[in-house]
Protein chains: 2
Amino acid sequence: MTTRLDDLPGRRCSIAGALDVVGDRWALLVVREVSLGAHRFSEILRGTGAPRERLAARLTALVDAGVLERREYSQNPPRSDYHLTKAGRDLLPVLQALMQWGDRYVADVPPVELRHRGHRIQASWVCDVCGERVGRDTERHATHES
Amino acid sequence: MTTRLDDLPGRRCSIAGALDVVGDRWALLVVREVSLGAHRFSEILRGTGAPRERLAARLTALVDAGVLERREYSQNPPRSDYHLTKAGRDLLPVLQALMQWGDRYVADVPPVELRHRGHRIQASWVCDVCGERVGRDTERHATHES
DNA sequence: GCCACAAGGTTCGCATATCGAACCCACTCG
DNA sequence: CGAGTGGGTTCGATATGCGAACCTTGTGGC
């Protein structure tokens with residue numbers, strides 16, 4: 001689970017660390033599918049469109065990374081399904097942010113709507129400490145330099 | 001700029017569309033670097049740790065995708081640097097979300113702090129419409145099915 | 001008992017992508 | 001004039017990704 005940041009090229013950075021875990025072509029789509037209720041191999045396969053072998057490898061890697069949990073729901077024949085762990089659920093903001101960007105810049109018609117309380121979500125990052133929107137006025141303080 | 005959602009495998013989805021643009025290994029790291037003030041090829045090269053040829057290809061693709069803008073700041077010798085477009089700046093929430101996740105689940109010591117108003121940012125995704133946090137109580141309404 | 005079919009993968013051989021290292025070109029500086 | 005810098009391209013080896021076929025353990029139909 002601990003991908004060492006130091007093994008990655010470039011600036012030492014949690015973004016790079018996160019991408020090392022979920023930054024490949026299929027990982028976030030897998031998380032999306034599981035979060036939408038697709039728990040079985042074949043459902044995730046259909047939803048993502050990934051090649052079978054890639055999907056098998058990704059599922060294993062995501063389980064190893066602590067993003068997914070594999071549950072055996074039948075022993076004969078052996079059958080498992082996949083669920084999000086807390087770490088996996090905590091990726092939902094990433095998906096939400098990507099979706100919002102995709103809706104705006106790549107899709108003509110947003111294909112899926114996220115709703116709650118009866119309206120379509122349009123969300124922003126808000127700082128928990130001061131309650132203001134997180135925007136461009138943030139400073140960055142590197143604590144290390146590579 | 002218009003990556004057609006329909007050309008992608010799997011479920012028709014803006015997340016997949018966004019990932020088709022910025023979902024490769026280096027794209028988001030490039031956006032991170034540019035947002036941190038690295039505008040020149042060599043700075044981005046150093047910050048990301050990408051191979052030169054990959055970086056050149058990515059920069060071109062990101063310019064074509066409308067995420068970056070290339071500005072020639074010298075003609076003799078020809079020199080350009082790269083800046084975020086509005087679409088590029090709108091990716092910052094994605095980076096913020098990834099960073100927060102990485103800080104939590106992969107880094108031991110968060111290497112970079114995002115600060116504003118003198119404190120470290122700890123942000124949540126908040127719905128603009130109703131002001132509530134976006135959490136797990138969201139419903140998803142598919143408008144199409146593939 | 002026999003055949004077809006399903007789930008959840010694994011194996012195979014080929015095609016593409018990615019890699020680091022080396023090279024290139026147009027300048028500038030000393 | 002020779003070394004150095006910025007911004008790349010080219011090259012050959014390796015890694016990764018791919019679709020198609022196959023495998024295994026079972027279930028249901030007849």
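Lettering of chains follows the sequences in order, A, B, ..., and the numbering in each one begins at 1. No experiment lies behind these values; they were computed from the predicted model shown.
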* How close or far is atom C1' of C/dA17 from atom CG of B/L55, stated in whole angstroms? -> 16 Å

* **A/D24 CG to D/dA15 P, straight-line distance once rounded to whole Å** => 18 Å

* Asked: With the threshold set at 4.0 Å, does a side-chain nitrogen-carboxylate oxygen contact exist between A/E72 and A/R70?
  -> no

* Asked: Any chance CD of B/Q75 has more than 12 other-residue heavy atoms, nucleotides or ligands included, within less than 6.0 Å?
  -> no

* **B/E72 CD - D/dG7 C1' separation (whole Å)** => 12 Å

* Report the distance from atom CG of A/L45 to atom P of C/dA7, rounded to the nearest whole Å. => 11 Å

* **Between P of C/dG8 and CD1 of A/I44, the distance in whole Å** => 9 Å

* **Nearest-angstrom distance from the residue atom CZ of B/R58 to P of C/dC19** => 11 Å

* Answer yes or no: side-chain N or O of B/R79 and base N or O of D/dG7 forming a donor-acceptor pair under 3.5 Å. => no

* Asked: Donor-acceptor pair, A/S14 side chain versus A/G17 backbone, under 3.5 Å?
  -> no

* **4.5 Å side-chain heavy-atom contact, B/R104 and A/K86** => yes

* Does D/dG7 have OP1 or OP2 sitting under 4.0 Å from an N or O in the side chain of B/Y82? -> no

* More 5' along DNA chain C: A/Y73 or A/E53, using each one's nearest nucleotide? -> A/Y73

* **Euclidean distance, atom CZ of residue B/F41 to atom C1' of D/dT5 [Å, nearest integer]** => 13 Å

* Asked: OP1 or OP2 of C/dC27 sitting under 4.0 Å from any side-chain N/O of B/N76?
  -> yes

* Structure fact -> Note: for A/R25 and B/P77 on DNA chain D, the residue whose nearest nucleotide lies more 5' is B/P77

* **DNA chain D: 5'-proximal contact among A/A50 and B/S42 (nearest heavy atom)** => B/S42

* Pick base, sugar-phosphate or nothing for B/R70, based on heavy-atom distances below 4.0 Å to the nucleic acid. => sugar-phosphate

* **Residue among B/T60, B/L62, B/L68 satisfying side chain to side chain contact (heavy atoms under 4.5 Å, CB included) with B/D64** => B/T60

* Asked: Does B/W26 have a side-chain nitrogen or oxygen under 4.0 Å from the phosphate oxygens OP1 or OP2 of C/dC19?
  -> yes

* For B/S74, report the nucleic acid contact type (base, sugar-phosphate, nothing); a contact means any heavy atom under 4.0 Å. => nothing

* Using only side-chain N and O atoms of B/R54, determine if any of them is under 4.0 Å from OP1 or OP2 of D/dG8. => no

* For the side chain of A/P78, counting heavy atoms from C-beta on, which of C/dG8, D/dG6, D/dT25 is nearest? -> D/dT25

* To do: Go through the N and O atoms of the side chain of A/R52 and the base of C/dG8, and report whether any donor-acceptor pair is under 3.5 Å.
  => yes

